[in-house]
Colleague: 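Handing you a structure now.
The model shown is predicted, which means the values in this text are computed figures rather than measured ones.
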Amino acid sequence: TSYSWEYSTVGASGPWTVIPGAVGTTYDPPGPLTQTTWYRRVVSSSVSGMPCSVAVTTPVQVTVNTLTAGTISGDQTVCGGSAAINLTGTVGTGMPTLSYQWQSNTTGCGDTFTNVASAGTGQNYTVPAGLPVTTYFRRLTRSTAGTCEIACNCIVVTVNNVTGGTVGSDQALCNSTNPAAFTQSVAATGVGTLTYQWQSTTNAAGCAAAAGAWTNIPFATSALYDAPAGVTVTTYYRRVTTSTINGVSCTANSNCITVTASTVTAGTIGPNSRTVCSGGDPAAFNSVTPGTGTALTYQWQSSPTGAV
């Protein structure tokens, strides 16, 4: 008795091709197999060297499940604290039924991925709001036949987290309208190129004033700012930091600085001069014009030598 093996890529009825060297009772097809193939074993019997009978087994079909992953899209840049992000994908192909699993990591397309925490088994995926850091995504396409799966392309969602930094400190002006220059104790940060714009407001809401109540200060676009003299009413200042990457600009505000204007006027007293006899008691001095300012106190003084 002798054996030979044959294969067909057309169907169970052939045509058949003899597999060279396959003459054992068993056969292990080499991989990779790229198309569905049928195999059969031919059993030959001979007597005194003369062929006697030939029998073939029932063909065995090896089905190749050719999967395609489809593609996903959604490369984008978002600001920190962004809303939910929709990632879309095209349909994968394979048989008989496909399923999907979205995965992510924060280190790069070439690194290990893990399944997203929830709602990641659809053709598309919605990234929950508030993605904290730059994250990479891909989608696995799986077939219910066997354990076949294939990964699609990788996309990146770049998160531009901007911090406004800390600037200056509150000031109270006394007999002056010129605030001291504002310093910086904590620098602003962001992924992209940073630019600055200082703003001010005299709105009664102060630091809590709505965005529309703040006014850009012309040419005040450096990390530091020295407000010019001329502050006669309480004024509030802040610095807006803008970080731009991939054409997307994200902003963050610094703390708010309150500059309290406290210009004091002395007022006038009268009458301006008077004469009394030696040892006399001058009449009381009157306040002709009251002093002005915030939280006023008074101290009277005298001089025996003159008004200067």
Side-chain angles (χ1 to χ4, degrees), residues 1-75 86-127 135-157:
T1 301
S2 62
Y3 304 94
S4 64
W5 287 81
E6 298 175 334
Y7 75 92
S8 172
T9 57
V10 178
S13 299
W16 296 95
T17 301
V18 175
I19 303 172
V23 293
T25 57
T26 60
Y27 176 62
D28 183 7
L33 200 61
T34 59
Q35 64 184 121
T36 297
T37 305
W38 289 260
Y39 295 90
R40 72 179 185 180
R41 185 182 65 185
V42 180
V43 181
S44 301
S45 177
S46 60
V47 176
S48 300
M50 297 295 294
C52 181
S53 62
V54 176
V56 295
T57 61
T58 300
V60 175
Q61 179 180 345
V62 178
T63 302
V64 175
N65 189 358
T66 303
L67 285 180
T68 64
T71 59
I72 60 173
S73 60
D75 274 346
N86 294 319
L87 305 180
T88 59
T90 62
V91 176
T93 61
M95 60 181 186
T97 303
L98 299 182
S99 63
Y100 301 103
Q101 178 62 61
W102 286 80
Q103 298 183 317
S104 67
N105 71 39
T106 58
T107 53
C109 288
D111 292 336
T112 300
F113 283 80
T114 57
N115 294 345
V116 297
S118 62
T121 56
Q123 177 182 335
N124 305 315
Y125 176 60
T126 299
V127 182
T135 305
Y136 302 83
F137 294 91
R138 73 177 186 183
R139 188 189 69 187
L140 296 180
T141 298
R142 291 170 172 162
S143 170
T144 55
T147 57
C148 301
E149 68 178 25
I150 187 172
C152 70
N153 59 302
C154 170
I155 62 174
V156 58
V157 177

Colleague: Check whether any side-chain heavy atom of V91 lies under 4.5 Å from a side-chain heavy atom of Y100, and answer yes or no.
Modeller: yes
Colleague: Between OG1 of T17 and CD of E6, what distance do you get to the nearest 0.5 Å?
Modeller: 8.0 Å
Colleague: Is it the case that the side chain of T90 and the backbone of T71 share a donor-acceptor pair, with hydrogens and angles ignored and the cut-off at 3.5 Å?
Modeller: yes
Colleague: Would you say R142 and L67 make side-chain contact, with heavy atoms under 4.5 Å?
Modeller: no
Colleague: So how far is it from I72 CD1 to R139 CZ, rounded to the nearest 0.5 Å?
Modeller: 7.0 Å
Colleague: Would you indicate whether the side-chain heavy atoms of Q101 and V116 approach each other to under 4.5 Å?
Modeller: yes
Colleague: Heavy atoms only: give me the nearest C152-G70 pair and the separation to one decimal.
Modeller: CB-O, 3.4 Å
Colleague: Test your reading of the model: is there a side-chain donor-acceptor pair from D75 to the backbone of V156, 3.5 Å cut-off?
Modeller: yes
Colleague: Can you give me the closest heavy-atom contact between L33 and Y39, atom names plus distance?
Modeller: CD1-OH, 3.7 Å
Colleague: Between atom CD1 of I150 and atom CG of L98, what is the distance when rounded to the nearest 0.5 Å?
Modeller: 11.0 Å
Colleague: To the nearest 0.5 angstrom, please state how far the CZ atom of R40 sits from the OG1 atom of T58.
Modeller: 10.5 Å
Colleague: Any chance you could lay out the side-chain contact (heavy atoms from CB on, under 4.5 Å) test for N105 and R138, step after step, and finish with the verdict?
Modeller: CA-CA 9 Å; N105 71 39; R138 73 177 186 183; over 6 Å; no
Colleague: Quick one: closest heavy-atom pair of F137 and V157, and the distance?
Modeller: CE1-CG2, 3.9 Å
Colleague: To the closest 0.5 Å, what do you measure between SG (C148) and CG (L140)?
Modeller: 13.0 Å
Colleague: State the CG-CD distance between N115 and Q103, to the nearest 0.5 angstrom.
Modeller: 5.0 Å
Colleague: So, do T68 and T141 sit near enough that their side-chain heavy atoms are less than 4.5 Å apart?
Modeller: no
Colleague: side-chain contact (heavy atoms from CB on, under 4.5 Å) for Y3 and V43? Distances and angles first, verdict last.
Modeller: CA-CA 5 Å; Y3 304 94; V43 181; 3.8 Å; yes
Colleague: Got more than 12 heavy atoms from elsewhere within 6.0 Å of CZ, F113?
Modeller: yes
Colleague: Heavy-atom distance under 4.5 Å between the side chains of T63 and M95, does that happen here?
Modeller: yes
Colleague: Could you tell me whether a side-chain N or O of W5 sits under 3.5 Å from a main-chain N or O of G24, the two making a donor and an acceptor?
Modeller: yes
Colleague: Of all the heavy-atom pairs spanning S44 and V54, show the shortest one and how long it is.
Modeller: OG-CG2, 4.0 Å
Colleague: Quick check: does any side chain N or O of W102 sit under 3.5 Å from a backbone N or O of G122, one acting as donor and the other as acceptor?
Modeller: yes
Colleague: Under the 3.5 angstrom rule, does the side chain of N124 hit a backbone N or O of G89 as a donor-acceptor pair?
Modeller: yes
Colleague: If you define the side chain from C-beta out and look only at heavy atoms, does anything of V42 sit under 4.5 Å from W16?
Modeller: no
Colleague: Are the side chains of D111 and Y136 in touch, meaning some heavy atoms are under 4.5 Å apart?
Modeller: no
Colleague: Backbone N or O of P15 within a donor-acceptor pair of the S8 side chain at under 3.5 Å?
Modeller: yes
